[in-house]
Protein chains: 2
Amino acid sequence: MSKSEVRPLRRSQQLREQIEERIVTGVYQPGTRLDEQDLAASFGVSRTPVREALIQLAAGGLIDLRPRRGAIIPETSAERLYEMFEVMAELEAMCGRLAARRIRPDELERLQAAHRACAAAHDAGDPDRYYLLNEAFHEHVYTASHNGFLGEQAAALHLRLRPYRRLQLRVRDRMGASFQEHMEIIEAIAAGDGERAAAALRAHIVIQGERFTDLVATLRQLNAQDKPAAAALR
Amino acid sequence: MSKSEVRPLRRSQQLREQIEERIVTGVYQPGTRLDEQDLAASFGVSRTPVREALIQLAAGGLIDLRPRRGAIIPETSAERLYEMFEVMAELEAMCGRLAARRIRPDELERLQAAHRACAAAHDAGDPDRYYLLNEAFHEHVYTASHNGFLGEQAAALHLRLRPYRRLQLRVRDRMGASFQEHMEIIEAIAAGDGERAAAALRAHIVIQGERFTDLVATLRQLNAQDKPAAAALR
DNA sequence: TGATGTGATCTTGTATACAATCTATCGCCG
DNA sequence: CGGCGATAGATTGTATACAAGATCACATCA
């Protein structure tokens, strides 16, 4: 929203980010058809940059762009969701394995600082704040892997799973459990134990039977009460 | 090139594929600036679909699209290349691990058929044909993982690494070694041994010290004799 | 002689106009 | 009364026009 455009970022880039945000936060629901003209009008630009933004989103898999049929937000099936989490778990595990071997002292320091920040949010019982700081924690692990490409891929998928990840905090005492798991992850990385770090991060991603079922159940609950899902996600 | 357009594929989609092909096969060299007007003229369309194609390529990381500076093909550093292969190895390993547990009899049959086809090309000493069939072999492994999302990610990265993978066959008796490795992969998958399949696939990707150094060396050799690289890659 | 500033030209980014195709409504026929 | 087809409206895809910024060359000055 800040109009301080010191660096003239490409218009379609900004648009992509804004539309992305609305999809990821659930303002635009799955199944919604995004009308180019409406978007153009609502953002005060012509259709051209809107189209370019949509193409970028389609390339990232966030929307489904079928020829002559327009852009629709795909309804992510439970199966598809499971697949994505399965990959996410492995990418995180890989980051952890590499980080345990490659992390620098200053990076470890920053990771621990991020963990302490999470601790504060946890103690304060503030899930929203915890959610935010959790993102930072994971970002630090990605960086510590010292594989830039891997970090980008992990961050991209992380973003795409954001709505579901957030949802997950609604499950009873997920925050506490998550915090415990972070502890284990840090310890493994600090100890330079790659396999243990990988295992800890893999376990940290919600794909194991119960947790994933919880997630899907919560999702169905939200969908059942048709529209409020957007508000609930925000 | 076939004009049998029964299904009206989007124009920018076709363009993306064609430009992608030229990048991946080395017709357009790293460092090249892709001029929108030139591309439009050479494909006989206006700048609009060309731009849309470029945006897609940029989203996939195949080109670098900087605001007001145009599209340039990034010079992939050895470090970056190593990072990408490191991720590729892990994705392949994951496919193998899952495939060992989930492959169906008919899929295993097809995988073995693909392997036999590779054998024929190997015996005939035809690296070009082997290269092509090798792609099919890996595609079968992706499918057998029964994780559609993973399969897509793996295929996308596979495509992006295509030029280098191809280059690698120039190394002495790489084809023979590759073939041996396929054998081991198939055996592990058929035996349902996920960890062994994962290890075999991880080892199959050229990132280990010597092989990777060979690759980079070959690359430098080609770059040294400036332009012929394109021809050599094709 | 080299560096810096200014202007011309070229390229990208955005808007608008037009063409092609898809959807939906209405009417017709069984 | 229901199903099918044609036409009108709307929406996407492509082309073109115009605006804004970047590059490069040239000239001027130290």
Open item on the list: Counting only heavy atoms and a strict 4.0 angstrom limit, can you tell me which residues of residues 50-60 of chain B come near DNA chain C?
Closed with: B/R51

Open item on the list: I'd like to know if the side chain of B/E139 pairs up with that of B/H158 as donor and acceptor (distance under 3.5 Å, no hydrogens or angles considered).
Closed with: no

Task: Rounded distance in Å - CG (B/L39) to P (D/dA15) - done: 14 Å

Task: Interatomic distance where CD belongs to B/E36 and C1' belongs to C/dT14 [whole Å] - done: 12 Å

Open item on the list: Between A/R97 and B/E86 (salt bridge meaning N to carboxylate O under 4.0 Å), is one present in this structure?
Closed with: no

Open item on the list: Just the rounded figure in Å: distance from P of C/dT12 to CD1 of B/I63.
Closed with: 11 Å

- [ ] Round to a whole Å and report the spacing from CZ of A/F43 to C1' of C/dA15.
- [x] 18 Å

I'd like a table of atom pairs between the protein and nucleotides 16-20 of chain C - only N or O on both sides, under 3.5 Å - with the distance next to each one.
unit_1	atom_1	unit_2	atom_2	d
C/dT16	O4	A/T48	OG1	3.4
C/dA20	N3	A/R68	NH1	3.3

Task: D/dT11 phosphate, OP1 or OP2, under 4.0 Å from A/Q37 side-chain N/O - done: yes

Open item on the list: Tell me the interatomic distance from A/D38, atom CG, to D/dT11, atom C1', rounded to whole angstroms.
Closed with: 11 Å

Task: Short side-chain donor-acceptor distance under 3.5 Å, B/Y142 and B/E152 - done: no

Open item on the list: In whole Å, I'd like the distance from the CG atom of B/L15 to the P atom of D/dG13.
Closed with: 14 Å

Open item on the list: So, OP1 or OP2 of C/dT12: does either fall under 4.0 Å of a side-chain N or O from B/R33?
Closed with: yes

TODO: Determine the sole option in B/R102, B/H146, B/H140 for which the side-chain hydrogen bond (donor to acceptor under 3.5 Å, both in side chains) test with B/E107 is passed.
DONE: B/H146

TODO: Applying side chain to side chain donor-acceptor pair (under 3.5 Å), run through A/Y28 and A/R33 and close with a yes or a no.
DONE: CA-CA 9 Å; A/Y28 296 148; A/R33 224 178 74 94; over 6 Å; no

- [ ] Would you mind reporting whether A/H204 and A/H138 have side-chain heavy atoms less than 4.5 Å apart?
- [x] yes

Task: Side chain proximity check, B/Q153 to A/Q153, heavy atoms < 4.5 angstrom - done: yes

Task: Upstream residue (5' side of DNA chain C) when A/V45 and A/R69 are each assigned their closest nucleotide - done: A/V45

- [ ] Please examine the side chains of A/Q29 and A/I73, heavy atoms only from C-beta on, and report whether any two atoms are closer than 4.5 Å.
- [x] no

TODO: Specify the separation, in whole Å, of atom CZ of A/R66 and atom P of C/dT21.
DONE: 17 Å

- [ ] Send over the distance from A/L34 CG to D/dT11 C1', rounded to a whole Å.
- [x] 14 Å

- [ ] Find out whether B/I72 and B/T32 are in side-chain contact, i.e. whether some heavy atom of one side chain is under 4.5 Å from a heavy atom of the other.
- [x] no

